Engineer: 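My questions will all concern the structure given below.
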Amino acid sequence: MPNRSVLPGLKSARYQEILTDPSYAGQFVLMTNPHIGNTGVNSGDEESIKCFLGGLIIRNLSICTSNWRCTETLDEYLRKRNIMGIYDVDTRAITRRLREDGSLIGVLSTDQSLKDEELLEMAKNWKIVGVDLISDVTCDAPYEWVDKTGSGWEFNDNQSSETFHVVVYDFGVKHNILRRLASYGCKITVVPASWPASDVLNLKPDGVLFSNGPGDPAAVPYAVKTVQEIVGKVPVFGICMGHQLIGQALGGKTFKMKFGHHGGNHPVRDNRTGRVDISAQNHNYAVDPESLPEGVQVTHINLNDQSCAGLVFPKMKLMSLQYHPESSPGPHDSDLAFGEFVELMKNNRL
Ligand SMILES: NC(=O)CC[C@H](N)C(=O)O
(Lines give C-alpha, C1' and ligand atoms only; values in the text may rest on other atoms or scores of the structure.)
Protein backbone atom coordinates (compact mmCIF):
# COMPACT_ATOMS: atom_id res chain seq x y z
CA MET A 1 0.00 0.00 0.00
CA PRO A 2 1.49 3.37 -0.92
CA ASN A 3 1.56 5.89 1.86
CA ARG A 4 1.19 9.61 1.30
CA SER A 5 2.30 12.16 3.83
CA VAL A 6 3.95 15.54 4.37
CA LEU A 7 7.66 15.83 4.97
CA PRO A 8 8.52 18.21 7.77
CA GLY A 9 12.35 18.38 8.00
CA LEU A 10 13.56 17.47 11.48
CA LYS A 11 16.73 18.26 13.38
CA SER A 12 18.37 15.27 15.00
CA ALA A 13 16.58 14.08 18.13
CA ARG A 14 15.67 10.87 19.95
CA TYR A 15 13.82 8.87 17.34
CA GLN A 16 11.64 6.57 19.43
CA GLU A 17 9.72 9.38 21.13
CA ILE A 18 9.22 10.95 17.70
CA LEU A 19 7.95 7.69 16.22
CA THR A 20 5.32 7.45 18.96
CA ASP A 21 4.34 11.15 19.17
CA PRO A 22 0.74 11.12 17.82
CA SER A 23 1.24 14.72 16.59
CA TYR A 24 3.21 13.19 13.67
CA ALA A 25 0.17 11.32 12.34
CA GLY A 26 -0.14 11.79 8.59
CA GLN A 27 3.47 12.91 8.22
CA PHE A 28 6.81 11.47 7.19
CA VAL A 29 9.70 12.39 9.42
CA LEU A 30 13.07 13.01 7.80
CA MET A 31 16.02 12.87 10.21
CA THR A 32 18.91 15.20 9.46
CA ASN A 33 21.17 13.21 11.80
CA PRO A 34 22.81 10.77 9.37
CA HIS A 35 23.09 7.78 11.71
CA ILE A 36 19.90 6.42 13.27
CA GLY A 37 19.09 3.21 15.14
CA ASN A 38 22.24 2.72 17.20
CA THR A 39 20.41 2.85 20.56
CA GLY A 40 17.61 0.55 19.38
CA VAL A 41 14.17 0.81 20.95
CA ASN A 42 12.90 0.09 24.47
CA SER A 43 9.45 -0.18 26.03
CA GLY A 44 10.03 2.68 28.52
CA ASP A 45 10.41 5.41 25.90
CA GLU A 46 7.05 5.07 24.16
CA GLU A 47 5.05 8.31 23.96
CA SER A 48 1.78 6.60 23.02
CA ILE A 49 0.44 3.10 22.47
CA LYS A 50 1.13 3.12 18.73
CA CYS A 51 3.22 4.69 15.99
CA PHE A 52 1.01 7.05 14.03
CA LEU A 53 3.50 8.67 11.68
CA GLY A 54 3.42 7.95 7.94
CA GLY A 55 7.04 6.83 7.70
CA LEU A 56 10.65 7.44 8.68
CA ILE A 57 13.32 8.64 6.25
CA ILE A 58 16.98 8.34 7.19
CA ARG A 59 20.48 8.33 5.73
CA ASN A 60 22.10 5.36 7.52
CA LEU A 61 20.46 2.64 9.55
CA SER A 62 22.91 1.51 12.21
CA ILE A 63 23.97 -2.10 11.64
CA CYS A 64 24.22 -2.73 15.37
CA THR A 65 22.56 -1.53 18.56
CA SER A 66 24.40 -0.66 21.72
CA ASN A 67 22.40 0.53 24.70
CA TRP A 68 21.63 -1.11 28.07
CA ARG A 69 17.91 -0.35 27.73
CA CYS A 70 17.55 -1.69 24.18
CA THR A 71 15.05 -4.52 23.75
CA GLU A 72 14.60 -4.41 19.97
CA THR A 73 16.24 -2.95 16.87
CA LEU A 74 14.58 -0.02 15.09
CA ASP A 75 14.12 -2.16 12.00
CA GLU A 76 12.28 -4.95 13.92
CA TYR A 77 10.18 -2.38 15.74
CA LEU A 78 8.97 -0.64 12.55
CA ARG A 79 8.31 -3.93 10.76
CA LYS A 80 6.13 -5.21 13.62
CA ARG A 81 4.07 -2.02 13.52
CA ASN A 82 3.86 -1.96 9.74
CA ILE A 83 5.41 1.52 9.59
CA MET A 84 7.38 2.38 6.49
CA GLY A 85 11.01 3.25 6.89
CA ILE A 86 13.51 4.05 4.18
CA TYR A 87 17.28 4.42 4.45
CA ASP A 88 20.20 5.13 2.09
CA VAL A 89 18.41 8.30 1.07
CA ASP A 90 20.30 11.56 0.48
CA THR A 91 18.66 13.30 3.42
CA ARG A 92 20.91 16.39 3.04
CA ALA A 93 19.53 17.01 -0.45
CA ILE A 94 15.93 16.62 0.71
CA THR A 95 16.59 18.85 3.72
CA ARG A 96 17.95 21.60 1.46
CA ARG A 97 14.89 21.31 -0.73
CA LEU A 98 12.60 21.50 2.32
CA ARG A 99 14.50 24.54 3.58
CA GLU A 100 13.67 26.33 0.38
CA ASP A 101 10.15 25.15 -0.31
CA GLY A 102 8.82 24.40 3.18
CA SER A 103 6.99 21.15 4.01
CA LEU A 104 6.18 19.09 0.93
CA ILE A 105 3.86 16.26 0.11
CA GLY A 106 5.69 12.95 -0.42
CA VAL A 107 4.80 9.42 -1.47
CA LEU A 108 6.53 6.24 -0.34
CA SER A 109 5.50 2.98 -1.98
CA THR A 110 6.62 -0.63 -2.07
CA ASP A 111 4.35 -1.33 -5.04
CA GLN A 112 6.75 -1.52 -7.99
CA SER A 113 3.94 -1.73 -10.53
CA LEU A 114 3.08 1.95 -9.93
CA LYS A 115 4.55 4.38 -12.47
CA ASP A 116 6.24 7.63 -11.37
CA GLU A 117 3.37 9.63 -12.91
CA GLU A 118 0.84 7.68 -10.85
CA LEU A 119 2.79 8.32 -7.67
CA LEU A 120 3.05 12.01 -8.53
CA GLU A 121 -0.69 12.12 -9.10
CA MET A 122 -1.27 10.57 -5.67
CA ALA A 123 0.97 13.17 -4.05
CA LYS A 124 -0.89 15.99 -5.81
CA ASN A 125 -4.27 14.73 -4.66
CA TRP A 126 -3.32 14.33 -1.01
CA LYS A 127 -4.25 17.01 1.52
CA ILE A 128 -3.36 17.72 5.13
CA VAL A 129 -5.00 21.16 5.40
CA GLY A 130 -8.62 20.84 6.50
CA VAL A 131 -8.33 17.17 7.54
CA ASP A 132 -9.33 15.93 11.02
CA LEU A 133 -6.39 13.74 12.10
CA ILE A 134 -7.31 13.85 15.79
CA SER A 135 -10.15 11.35 15.59
CA ASP A 136 -7.63 8.66 14.45
CA VAL A 137 -5.31 9.13 17.42
CA THR A 138 -7.50 9.96 20.42
CA CYS A 139 -8.38 7.31 23.05
CA ASP A 140 -11.69 5.39 22.79
CA ALA A 141 -12.84 5.87 26.37
CA PRO A 142 -11.82 7.86 29.47
CA TYR A 143 -9.09 6.45 31.71
CA GLU A 144 -7.08 7.37 34.79
CA TRP A 145 -3.32 7.96 34.50
CA VAL A 146 -1.07 7.42 37.53
CA ASP A 147 2.54 6.92 36.36
CA LYS A 148 5.00 9.62 37.34
CA THR A 149 8.42 10.21 35.85
CA GLY A 150 10.54 7.30 37.16
CA SER A 151 12.61 8.18 40.25
CA GLY A 152 15.86 7.57 38.38
CA TRP A 153 14.91 10.20 35.80
CA GLU A 154 13.22 12.85 37.99
CA PHE A 155 15.01 16.21 37.91
CA ASN A 156 12.61 18.56 39.71
CA ASP A 157 12.04 18.39 43.44
CA ASN A 158 9.85 21.52 43.69
CA GLN A 159 6.61 19.66 43.47
CA SER A 160 3.30 20.58 45.05
CA SER A 161 2.16 18.82 48.22
CA GLU A 162 -1.50 19.42 47.30
CA THR A 163 -3.30 17.18 44.81
CA PHE A 164 -5.13 18.69 41.84
CA HIS A 165 -7.56 16.85 39.63
CA VAL A 166 -6.75 17.57 35.98
CA VAL A 167 -8.89 16.37 33.08
CA VAL A 168 -6.77 15.96 29.97
CA TYR A 169 -8.43 16.17 26.55
CA ASP A 170 -6.61 13.59 24.43
CA PHE A 171 -6.11 15.11 21.00
CA GLY A 172 -3.09 12.79 20.63
CA VAL A 173 -1.51 13.26 24.04
CA LYS A 174 2.12 12.33 24.65
CA HIS A 175 2.59 10.18 27.73
CA ASN A 176 5.28 12.45 29.08
CA ILE A 177 2.72 15.25 29.50
CA LEU A 178 0.76 12.86 31.73
CA ARG A 179 3.90 11.72 33.59
CA ARG A 180 4.98 15.30 34.27
CA LEU A 181 1.50 16.25 35.53
CA ALA A 182 1.51 13.18 37.80
CA SER A 183 5.00 14.10 39.06
CA TYR A 184 3.69 17.58 39.93
CA GLY A 185 1.09 15.92 42.16
CA CYS A 186 -1.92 15.84 39.82
CA LYS A 187 -4.63 13.20 39.74
CA ILE A 188 -5.33 12.70 36.05
CA THR A 189 -8.39 11.69 34.05
CA VAL A 190 -7.84 11.44 30.29
CA VAL A 191 -10.91 11.83 28.05
CA PRO A 192 -11.42 11.33 24.29
CA ALA A 193 -11.38 14.36 22.00
CA SER A 194 -15.14 14.25 21.48
CA TRP A 195 -16.02 14.01 25.19
CA PRO A 196 -18.73 16.59 26.06
CA ALA A 197 -17.52 19.65 27.96
CA SER A 198 -20.52 19.39 30.30
CA ASP A 199 -19.43 15.89 31.41
CA VAL A 200 -15.93 17.19 32.09
CA LEU A 201 -17.22 20.18 34.09
CA ASN A 202 -19.48 17.82 36.08
CA LEU A 203 -16.32 16.10 37.35
CA LYS A 204 -15.47 19.46 38.98
CA PRO A 205 -11.80 19.31 37.94
CA ASP A 206 -9.25 21.75 39.32
CA GLY A 207 -8.02 22.27 35.78
CA VAL A 208 -8.31 21.06 32.19
CA LEU A 209 -5.37 20.43 29.87
CA PHE A 210 -5.88 20.49 26.10
CA SER A 211 -3.17 18.26 24.67
CA ASN A 212 -0.94 18.24 21.64
CA GLY A 213 -2.30 16.56 18.51
CA PRO A 214 -1.84 16.23 14.75
CA GLY A 215 -3.07 18.32 11.86
CA ASP A 216 -5.01 21.46 11.18
CA PRO A 217 -6.71 23.10 14.20
CA ALA A 218 -9.24 24.71 11.86
CA ALA A 219 -10.40 21.24 10.73
CA VAL A 220 -11.77 20.23 14.14
CA PRO A 221 -14.60 22.68 14.97
CA TYR A 222 -16.02 20.22 17.53
CA ALA A 223 -12.80 20.52 19.56
CA VAL A 224 -12.82 24.33 19.30
CA LYS A 225 -16.41 24.34 20.58
CA THR A 226 -15.42 22.12 23.54
CA VAL A 227 -12.56 24.47 24.41
CA GLN A 228 -14.96 27.44 24.19
CA GLU A 229 -17.35 25.74 26.61
CA ILE A 230 -14.61 25.13 29.17
CA VAL A 231 -12.45 28.27 28.99
CA GLY A 232 -13.32 30.72 31.76
CA LYS A 233 -14.95 28.06 33.96
CA VAL A 234 -11.80 26.34 35.30
CA PRO A 235 -8.05 26.99 34.85
CA VAL A 236 -6.85 25.62 31.52
CA PHE A 237 -3.48 24.80 29.94
CA GLY A 238 -3.09 24.23 26.18
CA ILE A 239 -0.06 22.51 24.71
CA CYS A 240 0.70 22.78 20.97
CA MET A 241 -2.58 21.68 19.29
CA GLY A 242 -4.25 22.64 22.60
CA HIS A 243 -2.72 26.12 22.31
CA GLN A 244 -3.96 26.45 18.72
CA LEU A 245 -7.47 25.32 19.67
CA ILE A 246 -7.49 27.90 22.47
CA GLY A 247 -6.44 30.54 19.92
CA GLN A 248 -9.38 29.58 17.72
CA ALA A 249 -11.79 29.32 20.67
CA LEU A 250 -10.94 32.90 21.66
CA GLY A 251 -11.89 34.05 18.18
CA GLY A 252 -8.32 34.16 16.84
CA LYS A 253 -6.93 32.72 13.62
CA THR A 254 -4.44 29.92 13.00
CA PHE A 255 -2.41 29.52 9.81
CA LYS A 256 -0.10 26.95 8.21
CA MET A 257 3.54 27.94 8.52
CA LYS A 258 5.92 27.56 5.60
CA PHE A 259 8.42 25.38 7.49
CA GLY A 260 6.85 24.59 10.81
CA HIS A 261 9.07 24.06 13.84
CA HIS A 262 10.55 20.64 14.55
CA GLY A 263 13.33 19.40 16.78
CA GLY A 264 14.79 19.99 20.20
CA ASN A 265 16.70 23.27 19.87
CA HIS A 266 14.26 26.17 19.44
CA PRO A 267 15.02 29.24 21.58
CA VAL A 268 11.90 30.70 23.17
CA ARG A 269 11.77 33.91 25.23
CA ASP A 270 9.37 34.40 28.10
CA ASN A 271 8.53 38.10 27.65
CA ARG A 272 7.52 38.42 31.30
CA THR A 273 10.97 37.60 32.65
CA GLY A 274 13.32 37.78 29.65
CA ARG A 275 14.31 34.17 30.35
CA VAL A 276 15.20 32.14 27.25
CA ASP A 277 14.49 28.41 27.19
CA ILE A 278 15.73 25.95 24.60
CA SER A 279 12.58 24.05 23.71
CA ALA A 280 11.35 20.95 21.91
CA GLN A 281 8.91 21.79 19.11
CA ASN A 282 6.77 19.99 16.58
CA HIS A 283 4.13 22.01 14.80
CA ASN A 284 3.16 23.15 11.31
CA TYR A 285 0.43 25.61 12.31
CA ALA A 286 0.58 28.71 14.49
CA VAL A 287 -1.73 31.25 16.12
CA ASP A 288 -1.80 34.75 14.63
CA PRO A 289 -1.44 36.92 17.77
CA GLU A 290 -2.90 39.98 15.98
CA SER A 291 -6.20 38.14 15.66
CA LEU A 292 -6.62 37.56 19.42
CA PRO A 293 -9.03 39.63 21.53
CA GLU A 294 -7.98 42.29 24.03
CA GLY A 295 -6.71 40.98 27.33
CA VAL A 296 -4.81 38.04 25.82
CA GLN A 297 -1.07 38.45 26.39
CA VAL A 298 1.61 36.90 24.23
CA THR A 299 3.97 35.54 26.90
CA HIS A 300 6.40 33.58 24.72
CA ILE A 301 8.12 34.29 21.40
CA ASN A 302 10.04 31.85 19.22
CA LEU A 303 13.33 33.70 18.72
CA ASN A 304 14.05 32.03 15.37
CA ASP A 305 11.14 33.70 13.61
CA GLN A 306 9.40 35.83 16.27
CA SER A 307 6.23 33.74 16.04
CA CYS A 308 3.84 33.41 18.96
CA ALA A 309 4.95 30.58 21.29
CA GLY A 310 2.74 31.12 24.34
CA LEU A 311 -0.26 32.98 25.72
CA VAL A 312 -1.97 33.83 28.97
CA PHE A 313 -5.40 35.33 29.50
CA PRO A 314 -5.51 36.07 33.23
CA LYS A 315 -9.25 36.89 33.27
CA MET A 316 -9.95 33.39 31.91
CA LYS A 317 -7.27 31.62 34.05
CA LEU A 318 -5.76 30.39 30.84
CA MET A 319 -2.22 29.58 29.76
CA SER A 320 -0.92 27.90 26.62
CA LEU A 321 2.34 27.02 24.90
CA GLN A 322 2.97 26.31 21.23
CA TYR A 323 5.82 23.95 22.06
CA HIS A 324 6.43 20.90 24.26
CA PRO A 325 7.32 21.64 27.91
CA GLU A 326 7.28 17.88 28.59
CA SER A 327 10.06 17.47 25.98
CA SER A 328 10.72 13.75 25.50
CA PRO A 329 12.82 14.15 23.55
CA GLY A 330 14.41 17.52 24.23
CA PRO A 331 15.77 19.79 26.94
CA HIS A 332 13.92 20.17 30.26
CA ASP A 333 14.13 23.99 30.38
CA SER A 334 10.37 24.54 30.05
CA ASP A 335 9.25 21.97 32.61
CA LEU A 336 8.40 24.84 34.98
CA ALA A 337 5.30 25.47 32.86
CA PHE A 338 3.67 22.52 34.66
CA GLY A 339 4.46 24.27 37.95
CA GLU A 340 2.83 27.43 36.57
CA PHE A 341 -0.32 25.44 35.77
CA VAL A 342 -0.34 23.99 39.30
CA GLU A 343 -0.05 27.58 40.67
CA LEU A 344 -2.97 28.65 38.48
CA MET A 345 -5.08 25.83 39.94
CA LYS A 346 -3.88 26.58 43.49
CA ASN A 347 -4.76 30.28 43.22
CA ASN A 348 -8.17 29.38 41.85
CA ARG A 349 -8.86 27.32 44.99
CA LEU A 350 -8.06 30.19 47.38
N1 LIG B 1 2.57 18.88 18.40
C2 LIG B 1 1.37 19.28 18.10
O3 LIG B 1 0.43 19.34 18.89
C4 LIG B 1 1.12 19.64 16.66
C5 LIG B 1 0.18 20.82 16.55
C6 LIG B 1 -0.49 21.00 15.21
N7 LIG B 1 -1.31 19.94 14.93
C8 LIG B 1 0.50 21.37 14.15
O9 LIG B 1 1.04 20.54 13.41
O10 LIG B 1 0.76 22.53 14.07
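Counting convention: from 1, in listed order, for ligands and their atoms alike. Predicted, not measured: the structure shown is a model, and the values here were computed from it.
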Engineer: Out of curiosity, Ile239 CD1 to His324 NE2, how far, rounded to the nearest 0.5 Å?
Structural biologist: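 Reported value, rounded in 0.5 Å steps: 8.0 Å.
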Engineer: Anything under 30° is parallel, anything over 60° is perpendicular, the rest tilted; go ahead and classify His283 against His261.
Structural biologist: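 Plane angle over 60°, so perpendicular.
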Engineer: Throw together a table of side-chain donor-acceptor distances under 3.5 angstrom for residues 54-68, partners on residues two or more places apart or in other chains.
Structural biologist:
from	atom 1	to	atom 2	distance (Å)
Ser62	OG	Cys64	N	3.4
Ser62	OG	Cys64	O	2.6
Asn67	OD1	Arg69	N	2.7

Engineer: Using side-chain heavy atoms (C-beta onward) and a distance below 4.5 Å, is Pro235 in contact with Phe164?
Structural biologist: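 With C-beta onward as the side chain, the pair stays apart.
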Engineer: Is the backbone of Thr254 close enough, under 3.5 Å, to the side chain of Gln244 for a donor and an acceptor to pair up by distance?
Structural biologist: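 Checked: no pair found.
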Engineer: Should we count CD of Gln306 as having more than 12 external heavy atoms under 6.0 Å?
Structural biologist: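 Above 12, so yes.
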Engineer: Could you pull out the N/O contacts under 3.5 angstrom between ligand 1 and the surrounding protein atoms?
Structural biologist:
from	atom 1	to	atom 2	distance (Å)
ligand 1	1 (N)	Ser23	OG	3.0
ligand 1	1 (N)	Asn282	O	2.8
ligand 1	1 (N)	His324	NE2	3.0
ligand 1	3 (O)	Gly213	N	2.8
ligand 1	3 (O)	Gly213	O	3.1
ligand 1	3 (O)	Met241	N	3.0
ligand 1	7 (N)	Gly213	O	2.7
ligand 1	7 (N)	Gly215	N	3.1
ligand 1	7 (N)	Gly215	O	2.7
ligand 1	9 (O)	Asn284	N	3.1
ligand 1	10 (O)	Gln244	NE2	3.1
ligand 1	10 (O)	Asn284	N	2.8
ligand 1	10 (O)	Tyr285	N	2.7

